[in-house]
Amino acid sequence: MHIHIIDALSIAFRAYYAHMNHEFSFQGKPTSVIFGFLNTLLTYIQTCNVQHLIIAFDSGGKTIRHDIYDSYKQHRDAAPEDFSEQIHTLRRMLDALGIHSLSLARYEADDIIATIVHHAMKENIPCSIFSSDKDLTQLINSSVKLLRPLGKGADFEVLGVNEVKTKWGVEASQMQDYLALAGDASDNIPGVRGIGKVSAQKLLHQFASLKDIYQNIEKIQSNSIRNKLLQGKDSAWLSNKLVALYNNLDIPFTPLQWSLSCLHTSKAQDLFFEYGITRIFSTFETLQHSFEKEKKNKVSTSKVVETNTALHRSDAYKLIRTQKELDKWIQRITNNDCFAFDTETDSKNAMQASLIGFSIADGSGAACYVPLRGPQGAVFHTKYIQQSLEALFQNPHTTIIGHNIKYDIKVLMRMGIRYLPKKIFDTMVAAWLLDSTRHNYSIDSAAEQHLSYKTIHFHDLEKIVGKKDFNFSEVPLPQACQYAAEDADITYQLYKVFQPLLVKKELNDIFYNLEMPLTLLLSKMEYQGMNLQTGRIRMQSSDLAQYLHTMEKKIYELCGKEFNINSPRQLQDILFNERKLPVIKKTKTGYSTDIDTLRILATHDPLPEHILHYRMLSKLRSTYLEVLPNLIHPITGKIHTTFQQTVTATGRLSSTTPNLQNIPIKSLEGKKIRYAFTPDKDWVFIGADYSQIELVVLAHFSQDETLCAAFRSGQDIHTLTAASIFSQPLEAVSTEHRRIAKAINFGVIYGMSAFRLANELRITRKKAQEFIQAYFSRYSAVQQFRQEIIEEAHTNGYVRTIKGRVRPLPQISSNNHQVRSAQERIALNTIIQGSAADIIKQAMLDIDHILTQEGLQGCLVLQVHDELLAESPQNEALKCKTLLIQSMEHAVPLSVPLRVQASIAKSWGDLYE
DNA sequence: ACTAACTCGTAC
DNA sequence: GACGTACGAGTTAGTT
């Protein structure tokens with residue numbers, strides 16, 4: 001690796017002055033700096049074959065050097081306004097491109113550069129600095145070069161150790177003292193009065209440093225120079241201080257992230273076009289493509305190298321082969337207050353996986369792998385492993401660190417391990433909590449992001465085993481140890497990084513008191529599962545298959561030919577070419593045939609109605625009826641969903657295999673599926689759901705009098721909204737008005753636009769705008785709250801929910817109106833949706849806690865955002881129901897009453913009767 | 001044969 | 001030009 005660091009303002013100023021007398025603007029906005037900088041940047045990247053790039057910016061405003069010397073750089077005029085403006089835009093462009101840049105308040109770009117160089121040298125990574133600033137020469141050494149732009153063209157001058165010596169006659173390491181003596185007019189460094197280049201050079205030839213000079217000042221022969229030095233002593237030391245660079249700034253050193261292979265031009269396109277910078281943009285595009293090609297070509301060769309480098313660490317990872325060795329490790333671990341733990345299994349599905357080995361890391365840098373079986377068969381007796389695992393988890397005060405530890409816990413539960421982790425630290429959840437807007441929280445990507453470390457990927461083991469679908473027990477033990485122990489080791493290291501980060505970002509409370517206990521609870525809920533009456537499902541599916549078949553025939557008959565009804569493309573042809581129906585809206589690739597479109601077309605033609613009906617039933621069959629029976633666990637006979645705790649950006653849970661959070665309820669046919677979900681024999685379901693939790697949260701935050709009063713009255717919220725926006729008494733509200741009010745209430749939660757509301761209600765946009773205005777004039781505090789949130793989002797760059805959960809809004813300051821308003825809507829919605837998620841999560845913990853405390857057998861089985869489903873023996877059901885209501889209503893204190901409705905039934909579907 | 005993008009529809 | 005958050009099925013076009 002070779003890191004290239006660019007001193008942004010040094011390059012930008014050159015561009016500014018170069019084009020000062022030229023007209024350089026687009027639609028009235030000056031662009032000379034942006035254009036010039038990017039142009040230089042591109043040439044630089046291409047001629048120097050730059051792979052890893054970081055751009056350093058001055059923070060602007062007073063710096064730490066002004067504290068030392070108040071006339072520091074005083075002679076320089078303040079940066080002209082059009083310059084600063086362009087720098088701002090430039091930085092946004094770089095961000096959008098995925099080119100990393102850094103700045104730090106009260107420090108200059110030079111200090112950032114010095115810090116990066118400092119880190120890089122520790123890791124033996126060579127650097128090049130691109131800047132015209134002379135101060136930076138002091139950083140030059142055998143692995144650090146300074147590249148200075150020359151003249152008008154794209155030429156650079158490369159300054160290494162030798163070049164500095166010939167040019168200034170001193171060692172690069174002496175440049176700081178050289179400038180302290182000779183001064184630097186361009187930076188207003190005073191130096192020593194009367195000492196210039198020549199004397200400075202002579203002095204530093206004779207003496208090693210400034211300190212050396214003053215300690216041995218009597219050795220200076222020339223009286224005049226000695227006097228000048230004595231007279232200017234203070235000035236010399238001041239200059240020395242001013243020229244000195246700070247190399248210990250608190251900035252991230254993550255060179256892997258600075259790779260240009262992560263360029264993403266698509267995000268930047270709008271911004272570039274906004275400033276008319278099209279030619280440079282297309283050059284970036286070609287650059288991106290070439291990087292992508294290179295990446296692909298590299299994969300096969302580089303992976304081998306990475307694997308090998310990782311294998312060099314083998315001394316730290318211990319393969320455990322005997323009981324004696326394992327006992328020793330357990331002994332040593334049980335005295336720790338925490339350790340990292342990871343399982344190796346034969347399946348991604350925790351409910352089917354069987355344990356093949358496990359690894360432990362205790363933080364000393366050492367880690368071990370305990371194989372239950374390997375290519376040569378069993379290594380340990382299962383009975384002994386069982387005991388060992390129980391010994392590991394016996395102490396309830398030990399924190400078990402894991403990456404996606406819910407998986408490991410479920411495997412342990414299925415093994416019948418009697419002691420399970422009680423205190424946990426899940427590094428995957430921590431990574432998500434710290435930045436919920438990413439999409440990949442795998443241990444591999446976390447290691448790269450937070451530790452700049454490339455792990456052995458599971459995929460890499462294919463080469464070692466020699467086939468694609470292998471069982472982990474087929475991996476030779478030494479390599480299995482490398483892979484497995486590394487995961488535990490990395491997990492521990494991530495813990496070390498995340499622990500202080502959680503404190504710093506004020507996420508400690510939500511992490512330790514909400515998310516971590518929840519991880520344990522979710523393990524239990526998933527393990528518990530739900531019964532599914534497959535007979536009913538299969539019956540419904542086959543009935544539906546038959547019905548769908550007759551519908552198909554009917555549709556073919558109507559169209560005069562057969563086609564694939566499931567293909568939107570083919571349907572488009574029928575509707576818009578053959579039947580000449582009007583196009584309602586377009587998609588990326590053609591004309592839309594979605595539900596709204598078909599409903600409109602149904603007024604012109606009989607076909608769309610049939611398609612609508614067909615689609616609904618076909619959806620039910622393919623997505624639910626044909627899938628659910630296959631997900632029954634062969635041993636438990638139940639459906640075990642997996643809750644994803646680290647997916648949503650708002651803090652909600654999600655659910656997969658199957659997704660039990662989108663089982664139909666609206667249509668009669670769909671609802672039938674819910675009847676097939678049943679509790680165990682002699683047990684019942686208790687369902688409890690919040691009424692309008694999101695609007696309650698909005699009332700709580702906005703303190704809108706009308707809205708709060710509505711919830712205190714306990715009346716139907718949509719009817720009340722209708723009454724206030726249409727200025728009617730409650731009794732006079734028509735169903736039509738209530739429908740409109742309901743749409744507006746939803747709209748508020750999502751940050752509605754008139755356009756969308758008009759679409760939703762099939763009214764003109766003008767009419768929709770009137771409704772919105774009517775709403776906000778009645779609920780003025782809601783509007784004010786929305787405004788406050790947007791301001792908060794702009795100043796912080798993120799928003800927080802009621803429990804302090806963070807949602808970053810990296811694009812909130814975008815100049816692109818669409819991007820910015822999207823972020824503003826997200827800001828509002830996240831506070832509402834995310835706070836609701838916080839509340840129900842807290843309720844779940846409270847419920848689980850009390851159930852255990854009271855010795856009740858009931859347990860939670862499902863969460864659907866604002867609804868909880870519990871299972872209980874019949875005779876405890878009423879107690880359980882009260883418990884659910886109480887805990888849910890009082891999970892988090894709000895200034896507005898939060899109501900819960902609950903019922904008991906023999907199936908999920910029956911709860912809504 | 002496998003993948004990724006797209007469209008569509010289900011839930012809250 | 002899309003009011004928020006998800007998951008997943010099926011089709012189609014592109015790559016191996």
Side-chain angles (χ1 to χ4, degrees), chain A residues 270 296 436-437 439 468 563-572 585-598 611-612 614-628 631 641-667 669-671 673-674 689-695 698 743-761 765 768 772 786 807 816-819 821-834 836-837 840 862-868:
Chain A
D270 289 352
K296 276 183 191 162
S436 58
T437 53
H439 297 292
K468 208 162 170 231
F563 67 103
N564 186 345
I565 308 172
N566 291 320
S567 161
R569 274 294 285 278
Q570 293 180 38
L571 185 60
Q572 267 173 62
K585 62 179 170 185
K586 289 178 182 173
T587 65
K588 267 185 195 169
T589 55
Y591 305 133
S592 179
T593 67
D594 70 8
I595 196 162
D596 292 325
T597 307
L598 292 183
I611 304 284
L612 280 169
Y614 175 89
R615 280 236 185 109
M616 181 186 80
L617 298 177
S618 167
K619 170 81 176 174
L620 285 182
R621 199 173 115 85
S622 64
T623 306
Y624 305 102
L625 298 173
E626 281 299 287
V627 174
L628 290 173
L631 293 171
T641 186
T642 302
F643 290 107
Q644 306 293 333
Q645 205 177 347
T646 60
V647 167
T648 70
T650 53
R652 272 189 179 181
L653 297 175
S654 77
S655 155
T656 58
T657 55
N659 178 356
L660 291 184
Q661 293 180 321
N662 73 347
I663 302 294
I665 185 152
K666 287 167 187 163
S667 74
E669 294 89 339
K671 201 177 154 187
I673 299 172
R674 295 202 177 203
D689 64 291
Y690 283 115
S691 62
Q692 307 298 342
I693 183 167
E694 295 185 327
L695 288 173
L698 179 62
I744 294 177
N745 275 335
F746 272 98
V748 172
I749 294 167
Y750 301 145
M752 92 187 120
S753 70
F755 179 87
R756 176 64 194 260
L757 188 68
N759 235 344
E760 186 80 24
L761 294 172
R765 210 197 289 194
I772 293 173
R786 185 176 166 273
R807 168 91 188 245
N816 184 325
H817 178 259
Q818 274 166 49
V819 174
S821 14
Q823 293 267 293
E824 291 173 355
R825 286 194 296 273
I826 290 172
L828 181 71
N829 180 258
T830 296
I831 292 192
I832 297 173
Q833 190 185 112
I840 196 165
L862 193 61
Q863 188 250 48
V864 193
H865 311 309
D866 66 351
E867 166 191 2
L868 291 177

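Since the structure is predicted, the reported quantities are computational estimates derived from the model, not experimental observations. Values reported hereafter were calculated over all heavy atoms of this structure, with side chains retained and with hydrogens, waters and symmetry mates removed. Naming convention: chains lettered A, B, ... in sequence-line order (proteins, then strands); numbering from 1 in each chain.
Within the 4.5 Å cutoff, the side chain of A:L653 has heavy atoms near those of the A:Q645 side chain. The shortest side-chain heavy-atom distance between A:T641 and A:T657 does not fall under the 4.5 Å cut-off. The shortest side-chain heavy-atom distance between A:T589 and A:Q572 does not fall under the 4.5 Å cut-off. Taking the side chain as every heavy atom from C-beta outward, A:L660 and A:V864 never approach each other to under 4.5 Å. The closest side-chain heavy-atom distance from A:Y750 to A:R825 is not below 4.5 Å. Under the 4.5 Å side-chain criterion, counting only non-hydrogen atoms from C-beta, A:K585 is in contact with A:D594.
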> Going through the checks in order, is the side chain to side chain contact (heavy atoms under 4.5 Å, CB included) test met by A:Y690 and A:L868?
Replying inline: CA-CA 9 Å; A:Y690 283 115; A:L868 291 177; over 6 Å; no
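Residue order along DNA chain C, read from the 5' end via each residue's closest nucleotide, puts A:K586 first among A:K586 and A:Y624.
Put simply, CE on A:M616 is 10 Å from P on B:dA11, counting in whole angstrom units. The CZ-P distance, from A:R615 to B:dT7, rounds to 13 Å in whole Å. When rounded to the nearest whole Å, the span between CG of A:L660 and C1' of B:dT10 equals 13 Å. Computed from coordinates, the A:I665 CD1 to B:dG9 C1' distance equals 16 Å when rounded to whole Å. Between the CZ atom of A:R621 and the C1' atom of B:dG9 there is a distance of 17 Å, given to the nearest Å. As a whole-Å value, the separation of A:F563 CZ from C:dG10 P is 17 Å. Residue A:L620 contributes atom CG, which lies 13 Å from atom P of C:dG10 at whole-angstrom precision. When the P atom of B:dC6 is taken as reference, atom OH of A:Y591 falls 18 Å away, rounded to whole Å.
A:N564 comes within 4.0 angstrom of the backbone, heavy atoms only, and of no base. Among the heavy atoms of the strands lying under 4.0 Å from A:K666 are primed sugar atoms or P, OP1, OP2 only; no base atom is included. Looking at heavy-atom distances under 4.0 Å, A:I595 makes contact with sugar-phosphate atoms alone, never a base. Within the 4.0 angstrom heavy-atom criterion, only backbone atoms of the sugar-phosphate kind lie near A:S592; the bases stay farther away. Note on A:I663: only backbone sugar-phosphate atoms sit closer than 4.0 angstrom, heavy atoms only; bases stay farther off.
Around the CZ atom of A:R615, the shell of radius 6.0 Å holds more than 12 heavy atoms that belong to other residues, nucleotides or ligands.
Taking the P atoms as reference points, B:dC8 lies 15 Å from C:dG1, given to the whole Å.
Nearest to the side chain of A:R569, among C:dT12, B:dT7, B:dA11, sits C:dT12.
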> If you write DNA chain C from 5' to 3' in dot-bracket form, with Watson-Crick or G-U pairs under 3.5 Å, [ ] for crossing pairs and | for pairs with another strand, what do you get?
Replying inline: ...||||||||||||.
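Scanning both residues, A:T437 and A:A649, for their nearest heavy atoms gives CG2-CB, 4.4 Å.
Looking at A:L571, A:N564, A:I565 one by one, the single match for side chain to side chain contact (heavy atoms under 4.5 Å, CB included) with A:S567 turns out to be A:N564.
An OP1 or OP2 oxygen of B:dT7 is reached within less than 4.0 angstrom by no side-chain nitrogen or oxygen of A:T593. Listed pair A:S567 / C:dG10 fails the phosphate criterion, with no side-chain N or O lying under 4.0 Å from OP1 or OP2.
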>> So if I define the base as every atom that isn't primed, P, OP1 or OP2, how would nucleotides 3-8 of chain C read as a B/S/- string at a heavy-atom cutoff under 4.0 Å?
In response: BBBSBB
